[in-house]
Amino acid sequence: MSTSSIEPSTAVAPAATVRIIASPQSWVEGEAVRQLEAVARLPGMRLAVGLPDLHPGKGAPVGAAFESEGFLYPYLVGSDIGCGMGLWDVDLPVRKAKAERWAGKLDLEGPWEGDAEAFLAGHGGKATGFEAALGTVGGGNHFAEVQRVETVHDARVFEALGLREERLLLLVHSGSRGLGEAILRTHVDRHAAGGLAAQTEEARAYLERHDGAVTWARANRALVAERALQGIGATGRRVLDVCHNSVTARHAEGRVAWLHRKGAAPWDEGPVVIPGSRGALSYLVLPVGTGEHSAHSLAHGAGRKWTRTAARERLKERFTAESLTRTVFKSHVICEDRDLLFEEAPPAYKAIDRVVTDLVEAGLVRVVATLAPVLTYKTRGRTAE
DNA sequence: ATGTCC
């Protein structure tokens with residue numbers, strides 16, 4: 001056995017530890033693994049973790065967390081800085097749900113009538129020039145969804161969160177809209193996918209804008225929730241709000257590690273919701289154990305199984321658009337963009353149950369409750385022929 | 001993902 005040979009490449013830049021937390025049943029595309037390994041070779045990278053929703057992204061994979069030292073990488077966070085999930089406890093019993101009536105009333109895309117700058121200030125944010133978009137849900141996989149409790153698995157934690165089985169919930173998935181995109185573009189214009197030395201003025205400036213986008217995105221989810229609640233004639237209380245696209249400093253043993261999350265929920269900020277696709281359950285989970293193994297991160301959703309193009313092609317043969325506006329839970333989907341309806345259909349995503357089971361078996365979470373959709377808002381506009 | 005390609 002030889003112990004002396006060193007790969008020339010590792011002698012120059014030792015690759016980070018690469019770890020994928022997924023059972024064989026959680027199929028992970030080869031391209032996503034290649035992307036994870038490529039990230040692991042970036043200067044300063046120490047740990048690259050793929051979560052069970054790992055799938056290929058634009059250059060860097062989604063459903064992953066990366067820890068580096070000395071350098072940070074805006075490109076790994078991506079353009080939707082601050083994107084995440086907020087959950088509201090709705091002051092309305094399930095039996096009062098009027099999905100069809102509500103469906104006609106909701107508008108989460110038109111400009112908000114109120115004072116966006118003041119709303120942002122109330123949530124600790126400063127004006128950025130993007131306030132016209134505050135309170136709009138955005139496109140792609142973003143949504144606002146009224147939910148009901150399907151099953152409570154951990155009554156003690158469920159009750160400690162002030163939740164009640166008979167009450168409706170509201171889950172909002174949205175981000176920083178044009179703001180995060182503009183911040184990343186400024187970086188990419190100069191550095192492409194390259195990183196920033198952590199001690200530089202440029203890194204400091206990026207982090208300041210990044211943190212502003214995280215605050216903006218959180219305020220945005222709060223305003224989307226406020227508009228949705230107003231639309232259904234209810235009030236609500238924010239139960240949790242977590243961001244799954246960010247870079248944050250972690251201080252340990254006198255060193256600073258830069259924790260990048262790209263489609264990875266935090267393990268260290270209390271309970272999180274891992275949403276299923278619109279036709280599947282969402283999971284309210286409590287992080288447990290130690291987060292070291294998973295870079296203090298969790299899966300952020302089911303994870304795409306088919307590309308948007310493939311989903312359109314395959315699903316248009318199997319389903320009508322009309323049939324996709326109803327789910328197996330008898331819930332409604334407001335999605336007047338026909339292509340998006342196919343792109344976001346449940347079969348385009350992995351099975352959320354398996355993704356969550358993988359997290360449970362990895363000792364990362366305990367399931368508190370499952371949540372079923374009642375009414376999902378995707379989009380009203382853009383009716384593509 | 002994106003005041004998204006006019």
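We name chains A, B, ... by the order of the sequence lines, and we start the count at 1 in each one.
- Ring geometry, A:His191 versus A:His187: the interplanar angle falls under 30°, so the pair is classed parallel (tilted spans 30 to 60°).
- In this structure, the CG atom of A:Leu179 is 15 Å from the P atom of B:dT4, given to the nearest Å.
- Remark: C1' of B:dT2 and CG of A:Asn220 are 13 Å apart, rounded to the nearest angstrom.
- For the pair A:Ile334 and A:Thr376, the minimum side-chain heavy-atom distance is 4.5 Å or more.
- Between A:Tyr349 and the choices A:His55, A:Glu344, A:Arg278, the side-chain hydrogen bond (donor to acceptor under 3.5 Å, both in side chains) rule is met once, by A:Glu344.
- Within 4.0 Å of A:Gly178, counting heavy atoms only, lie sugar-phosphate atoms of the nucleic acid but no base atom.
- A heavy-atom distance below 4.0 Å to DNA chain B is reached by none of the residues of residues 259-267 of chain A.
- Distance NE2 (A:His187) to P (B:dT2): 20 Å, rounded to an integer number of Å.
- Judged as a salt bridge (charged side-chain N to carboxylate O under 4.0 Å, His left out), and not counting sequence neighbours, A:Lys262 has no contacts.
- For the pair A:Arg177 and A:Phe130, the cation does not sit on the ring face, since its NZ or CZ is not both under 6.0 Å from the ring centre and inside 45° of the axis.
- Contact annotation: A:Arg185 does not reach the phosphate of B:dT2 (side-chain N/O to OP1 or OP2, under 4.0 Å).
- Using a 4.0 Å heavy-atom distance criterion, A:Gly138 is classed as a sugar-phosphate-only contact.
- For the pair A:Glu181 CD and B:dC5 C1', the computed distance is 14 Å after rounding to whole Å.
- Contact annotation for A:Gly129: base contact, defined as any heavy-atom pair under 4.0 Å involving a base atom.
- One interatomic measurement links the two molecules: CZ of A:Arg177 to P of B:dG3, which rounds to 5 Å at whole-angstrom precision.
- Within a 6.0 Å sphere centred on CD of A:Glu113, heavy atoms belonging to other residues, nucleotides or ligands number 12 at most.
- Here the P atom of nucleotide B:dT4 and the CG atom of A:Leu184 are 16 Å apart, to the nearest Å.
- Taking atom CD of residue A:Glu343 and atom P of nucleotide B:dT2, one finds them 13 Å apart after rounding to whole Å.
- Using modelled atom types and a 3.5 Å distance limit, the side chains of A:Ser23 and A:Arg354 yield a donor-acceptor pair.
- Rounded to whole Å, the distance from CD1 on A:Ile183 to C1' on B:dG3 is 15 Å.
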